[in-house]
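Letters go in sequence order (proteins before strands), and every chain restarts at 1.
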Amino acid sequence: MPDLTRRGFIRASITATGGMMLGFHLPLSANSDAADPAAEINAWLTIGADDSITIRVAQAEMGQGVFTALPMIVAEELEADWRNVRAEFADANRSIRENRVYQRMSTGGSYAIRGSRSYLQQAGAEARERLIKAAAEMWLVGPEECYADYGRIHHKNSGRSTNYGAVASAAAMVSVANVRIKKPEQFNLLGLPTKRLDVPAKVNGSAVFGIDVRIPDMVYAAVAHCPVLGGEVRSLLFNAVRNRPGIIRSVRLKHSVAIVAEHFWQAKTAIDAMPVQWKLGPAAKTYSGSIKSEFVDTLKLDGAVIYSQGDVVVAMDEAEKSFKSDYVAPYLAHACMEPLNCTVHVQADRVDIWTGVQDPESALRVASQLTGIPPVNVYVHNCFLGGGFGRRSNMDFVEEAVLIAMEVGRPVQMIWTREEDMRSGRYRPMSAMRFKAGFDLDKHLVAYTNHSVTHSLAADRGQAEDMNKLDNASVEGLVDMPYRVANKEISHTAKNTHLTSWWWRSVGHSQNAFAMECFVDEMASASDMDPIAFRRKHLAGNTALLNVLDVVERESGWGKKKFPQGTAQGIAIHESFGTICAQVAEVTVSDQGDLKVNRIVCAIDCGNLVNPLSAEMQVESGIVFGLTAALYGKLTVENGVILEDNFDTYRMVTMAEMPVIETHFALSGGEKWGGLGEPATPPVAPAVCNALYRITGRRIRILPIKDYLLRRA
Amino acid sequence: MIDLKINGETKSVEVEKGTPLLWVLRDNLNLTGTKFGCGIGHCGACTVLMNGHATKSCTTSVEQAASFDIVTIEGLSQDSSHPVQLAWIEEDVPQCGYCQSGQILAAVALLNDKSHPTDEEINQSMTNVCRCGTYQRIRKAIHRVARERGGQ
């Protein structure tokens, strides 16, 4: 029982209002700690004489809560008093200098906890053993006679004890070997809902995002990119604006021009006024309609077979009944709330970069390559990210800011306006998918084929020859579809346009789950089966998915609730990033055809939780992100130009459309530590579309939903 | 030179006519808690209070702002102790946090106007965009402030 008592005490102390307010360390500069006398126990943490513990976070904080969850993992092993813990960002420059001491610094793939848990545990345990050894040496006893507990070292026999701060300096000098980490049943902190360390700074305006950085002598740059992606600058007339107040200079790059000024508004209004001629290129002839036709027409051709089982041709021929459906998902922008920006100071022998990036090491390498200054002399001061969703792992904006700063010689803060941010490319790939299913006399599914035609992320990232190489992200969730069928064939064709693509929250799963889970619903209808019953039948033996399906069925009241006319539930389940997520959407279509998503019940199995509080927040966030895309998300191309360039045309779900979200963790435990940043996004669109089918009798096969006139059946 | 009344102090700034209040706050006065989101008065990241009303500073010129009492997130309280800030902490609202200055000030204006707003009133006035989708927690935080101030 003592453990339970202690657990209760920790819970009470970490959820006390404002308890962490003093524990926050503003991430501004990696060198801001220079005067701090705290002892560095290892690269991951320092301990001050006052017992304050600073834990370094090597992943980017973009809202997902790593600034708290990762320190929790270290603090657990350290046997720290959590009230003394604060966090700061790890330094990418140091990682380069010290043989990648911070290991993986890029953030994405819902991988922060999955990827770094074991070495963070090791770092915390190593520090704990050093503190124990230092105390033991001070007391002239053996370290095996001592133990660490809640910020203190105790000597078992004498009852003596000391605080961490008192032995921190000595602990930094000793060495230890064969450090053991705790077993899950020994955890005190992991698994407890814990207040986020970054929240206090995010309610008073003091949290520093990249756009908030202020450096002495800093100037601002506004940028205009060629309105057609891939197009180039032909000429610019800087003389037309050079005498405006505050204007310093123009910078001409290949695809964009910049104006540098004392204040951003001066730069922005000048660049709006400056005549620029563009070489738009052949893409200026493209339209959304023609792009979509190309994708859908390609569905009729054979793709490269990437998975096959049984004899699907014979099975489909012999089927009593078969049908096919085509689905289309559009290009989408990330539209992070903080427009892309980057502050750079290039000096003769060093480069400093202040920004919010998902991959500070890549930013460092990009700056080194462009300037010729060695990586060890490039410093990336990573800030909080005002949203990332994958976009901030692309270095295009960092590259542009470095090129501008190289011309200026003063620190330059480059800010893209919302319009530049939205038109800058790096979109969620467009995809068209054809599904075909065959059933026998007893309405059993006997054959299944799927051909997807998708813009290749791999090709955009690498060489042209990659077009012939399978981009795994394009088919994730399709090629490994979990439903059992004796004969199946999965094929794929990569098809790229002048638009550029990039990872977008949940990547290929975002469009693939929509199409596949909607088609599964179609197959259930064709079998005259309840959508959950059909899924259960074809998931037989897959206990992990069935468990999540059971939870969402129970918690949503599936099949048991009576709804008024115009209201119905829809279901979808999808596994991604090591996590299984099922959602039931409760949707209403009014007499006038207005759509309201009332409630989304979510069951999710990520195995284990570090911080249940931020985990629940991530589920809510992932659902709203997916719902916005399902309802409204669409980019229209006209004359090669993206038309949706701000929030008035690229609409977001807001408070009035917000459904009630209920999150139920269906944790399977064991060795499973699944991701959470993305897995709640894919199931939303199909759950909502499947509910709409039950109301309207029509299938939605092309997103977004806003393009449909909804009528009750 | 234009005088602005910001967070209880008068500040003189020298900027071009027509400069949006947003950029004066951020670039001239170093009050970076007010955020740039869209520049067209749509997303609400730049929301400040002008005579207690939620106002989008990205589409308010510095001349228009000159005769008002302006409150930014930095001036809402000295120590994050405003009831709305405390409710935001209690309900664990922020994720990336970028839109939250604007969300908090929009909520302050709503609660100035209506001591116990209904869900429908929250829907009507809280139109700020949050890309992280924190709306459910914002709603709970607003109700918490109303509940804790008592009365009806």
Contact class of [X] relative to chain A, heavy atoms under 4.5 angstrom:
X	value
B:D119	neither
B:V24	neither
B:L31	neither
B:Q136	both
B:T127	backbone
B:I104	side chain

Under a 4.5 Å heavy-atom cut-off, does chain B meet the side chain of [X], its backbone, both or neither?
X	value
A:T269	neither
A:I211	both
A:E419	side chain
A:M62	backbone
A:F209	side chain
A:V624	side chain

Item to complete: Check for a donor-acceptor pair, side chain of A:Q64 on one end and backbone N or O of A:A60 on the other, with a separation under 3.5 Å.
Response: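 Looks like yes, one N/O pair under 3.5 Å.
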
Worksheet item: Side chain of A:T68, backbone of A:L197: donor and acceptor closer than 3.5 Å?
Response: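 Side chain of A:T68 to backbone of A:L197, a donor-acceptor pair under 3.5 Å: yes, one is there.
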
Item to complete: Compute whether any side-chain donor of one residue and acceptor of the other, for B:E16 and A:W265, lie under 3.5 angstrom apart.
Response: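 On atom types as modelled, these side chains do not qualify, holding no pair under 3.5 Å.
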
Less than 6.0 Å separating the ring centroids of [X] and [Y]?
X	Y	result
A:Y632	A:Y650	no
A:F384	A:F67	yes
B:W23	A:Y220	no

Worksheet item: Do you know which of B:S101, B:G97, B:G33, B:C38 has the most heavy-atom pairs with chain A at a distance under 4.5 angstrom?
Response: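 Heavy-atom pairs under 4.5 Å are most numerous for B:C38.
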
Item to complete: Side-chain contact test, heavy atoms from C-beta onward, threshold under 4.5 Å: evaluate it for A:N598 versus A:V660 and give yes or no.
Response: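 Side-chain contact under 4.5 Å: no.
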
